[in-house]
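Fair warning: this is a prediction, and the values are worked out from it, not measured in the lab. Heads up: numbering here begins at 1 and tracks the sequence.
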Amino acid sequence: MVSPSRFSLLSRFSCAQPVKLSIHRNLHTITKKQPIHHLGSRFSSSTANNQSRSSLLYGLVCGILAGGATYFTTRYIQNRSLSRQFAVGNASVDHSPFEPVFATSKVYPKFIKELKKVLGEDSVSIDADELERHGSSSWSSYHYVHNPNVVVYPTSTEQVSAIVKLCHKHRVPVIPFSGGTSLEGHFSATYGGICVDFMNMDKVLEVHDADLDCIVQPAVKWEDLNDQLQSKGLFFGPDPGPGAEIGGMVGTGCSGTNAARYGTMRENVLSITAVLADGTIVKTRRRPRKSSAGYDLTHLFIGSEGTLGLVTEITLKLHAIPPCRNVAVCQFESIHDAATTVQNIMRQGLNVAAMELLDDTQMRIINEALTSHWEEKPTLFFKFAGGYKAVQETIDIVGKLARKNHGGKFQFARNETEAESLWNARKQALWSTLAFAKEDLQVWTTDVCVPLSRLPDLITKTQKDLKDAGLLGGIVSHAGDGNFHSFLLYDKNKPEEFEKASTLVHRLVLNAIHMDGTITGEHGIGLVKRAYLNEELSPDTVALMRQLKCALDPLGILNPGHVLPQPGESVSH
């Protein structure tokens with residue numbers, strides 16, 4: 001038999017070493033043939049005694065040999081694995097030698113032939129431009145660029161299952177791609193492999209008006225969905241950046257400006273259909289708004305960034321379009337005054353649909369990019385939604401709270417055209433920064449989230465760090481839930497500026513953790529932030545996540561290198 005300590009050691013490598021399963025089978029077979037509670041009767045005669053001893057000895061020898069074989073196989077795999085180094089700021093990212101073993105380049109010609117038989121020639125691409133487009137994007141080009149070996153375009157859940165079965169058979173890494181607007185290197189193919197682009201799975205499959213839900217495929221854009229729902233008097237709550245698709249929104253657990261009232265993706269997804277690492281198709285639950293049936297698998301997949309399964313259908317919660325909607329804007333002398341106003345509003349339980357805080361730098365960037373004429377001060381943008389009287393009452397109360405906290409003129413829209421014009425400055429914040437960046441400047445977009453009471457402290461610290469580093473960066477906050485984004489600008493031709501930006505992100509993330517916050521409110525972990533996951537949670541909590549990953553993906557083929565820190569990965573303070 002394998003000793004307890006050795007068996008524990010082998011268990012640690014279960015994600016990378018499927019051969020461990022054969023030990024379980026061998027031990028189970030031995031135990032089944034020789035049940036301990038039956039051994040007494042087997043020793044009742046000398047013949048039986050000898051037979052039993054021989055069988056037991058045979059079983060022990062098999063167990064030892066199996067354990068030894070697995071141990072040396074494990075060591076062999078460890079020794080042949082390559083070590084890679086990445087870094088952000090002072091975070092050292094060390095790929096552990098305990099890596100899964102993936103397909104070599106020799107496997108791919110046969111693998112691609114099998115793919116074409118399943119999908120057809122037109123749905124499989126090895127075009128260099130397509131591989132590059134699926135390895136990174138301008139949204140996150142400051143992260144590591146790793147292209148896949150092949151890109152495929154399935155049209156159904158069944159095709160996705162067939163693709164993943166082939167990947168499982170050949171040990172080919174699988175990276176899901178839905179929209180490509182992610183900001184933390186989520187679809188960078190760190191080990192090569194196959195990119196599954198869901199562009200042909202872009203259908204709204206069902207809309208249940210009476211139940212306020214719908215079923216969609218992963219490549220449905222949230223904006224297109226809301227356009228379709230508008231005629232039914234319905235809409236989908238989360239509103240992230242333009243171009244985002246539902247599959248990617250599930251993968252990152254994103255939200256947007258409406259999160260303060262309508263919640264994030266976690267509050268707006270009812271059910272998921274996913275393809276697991278061996279090609280098995282599962283559905284996490286049915287359509288009711290609540291269920292106590294078993295484990296909450298739906299939320300397990302949300303925010304998992306394709307590391308636990310490929311999401312192919314999503315049942316979404318919908319909301320009725322309120323009869324009255326309005327927008328207001330107020331500017332303040334300080335970030336603290338603006339943030340205090342947000343806290344006062346939340347404490348009074350006022351029904352505000354969105355509260356967005358932009359700092360003075362971001363307002364300057366918007367003025368230059370859009371040729372607008374806002375005062376360059378910390379600015380709060382509000383959305384109100386509900387019955388007409390309720391909206392007017394809420395606007396009046398919010399206006400009084402803003403004035404109490406030294407707010408300036410409280411502007412609110414008198415019609416839909418004015419509302420769109422006022423809100424446009426907020427909605428164009430990122431685009432304004434990209435336009436402002438021009439040719440040589442790169443925009444590094446990152447996010448953190450802290451308890452509401454700590455938001456002004458973190459924004460103030462970040463502004464000071466930017467000033468000390470001599471870099472320009474705007475801050476845009478979903479102030480209603482303590483989430484904020486920093487758009488850092490640096491010269492991509494100057495390595496020292498990239499290093500400064502990297503260090504700023506490092507400090508921002510650590511500051512958020514020290515304020516009992518999170519390293520990401522909605523962008524996800526991706527590649528860079530995985531080193532900080534132990535800091536935010538704990539090694540034991542991350543170990544539990546790793547056990548879940550290993551249970552669902554024992555070969556480690558699903559978006560490898562993302563989300564979970566590797567053993568030995570650390571962050572310098």
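By the neighbour-count criterion of 12 heavy atoms within 6.0 Å, atom CZ of Arg286 is sparsely surrounded, having that number or fewer from other residues, nucleotides or ligands. In Asp127, the CG atom is crowded: over 12 heavy atoms of neighbouring residues, nucleotides or ligands sit closer than 6.0 Å. Around the NZ atom of Lys427, the shell of radius 6.0 Å holds more than 12 heavy atoms that belong to other residues, nucleotides or ligands. At most 12 heavy atoms of other shown residues, nucleotides or ligands fall within 6.0 angstrom of atom CZ in Arg507. Enclosure of atom CD in Glu223 by more than 12 non-hydrogen atoms of other residues, nucleotides or ligands within 6.0 angstrom is indicated.
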For residues 241-251, run the donor-acceptor check on the side chains, cut-off 3.5 Å, and write out each pair with its distance to 0.1 Å, sequence neighbours left out.
unit_1, atom_1, unit_2, atom_2, d
Glu245, OE1, Ser178, OG, 3.2
Glu245, OE1, Gly179, N, 3.0
Glu245, OE2, Lys221, NZ, 3.1

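Classification of the Tyr532-His506 ring pair by plane angle, with boundaries at 30° and 60°, yields tilted. Note: Tyr108 and Phe111 have perpendicular aromatic rings, judged against thresholds of 30 and 60 degrees for the angle between ring planes. Taking the six-membered ring for Trp and thresholds of 30 and 60 degrees, Phe498 and Tyr490 have ring planes more than 60 degrees apart, a perpendicular arrangement.
Closest approach of Leu533 and Met545 over heavy atoms only: CD2-SD, 4.1 Å. Considering all non-hydrogen atoms of both residues, Ser125 and Leu131 come closest at O-CD2, 4.2 Å.
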- Message: Test ring-ring contact (aromatic ring centres under 6.0 Å, His included) on His478 and His485; report intermediate values, then the result.
- Response: CA-CA 8 Å; His478 305 315; His485 310 290; 4.8 Å; yes
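To the nearest 0.5 Å, the span separating CG on Leu234 from CG on Leu212 amounts to 6.0 Å. Atom CG of residue Asn149 and atom SG of residue Cys195 lie 11.0 Å apart, to the nearest 0.5 angstrom.
Annotation: side chain to side chain donor-acceptor pair (under 3.5 Å) contacts involving residues 194-207, sequence neighbours excluded, comprise His134-Asp197, Glu206-His208.
Counting only N and O atoms by type, the side chains of Glu536 and Thr518 include a donor and acceptor under 3.5 Å apart.
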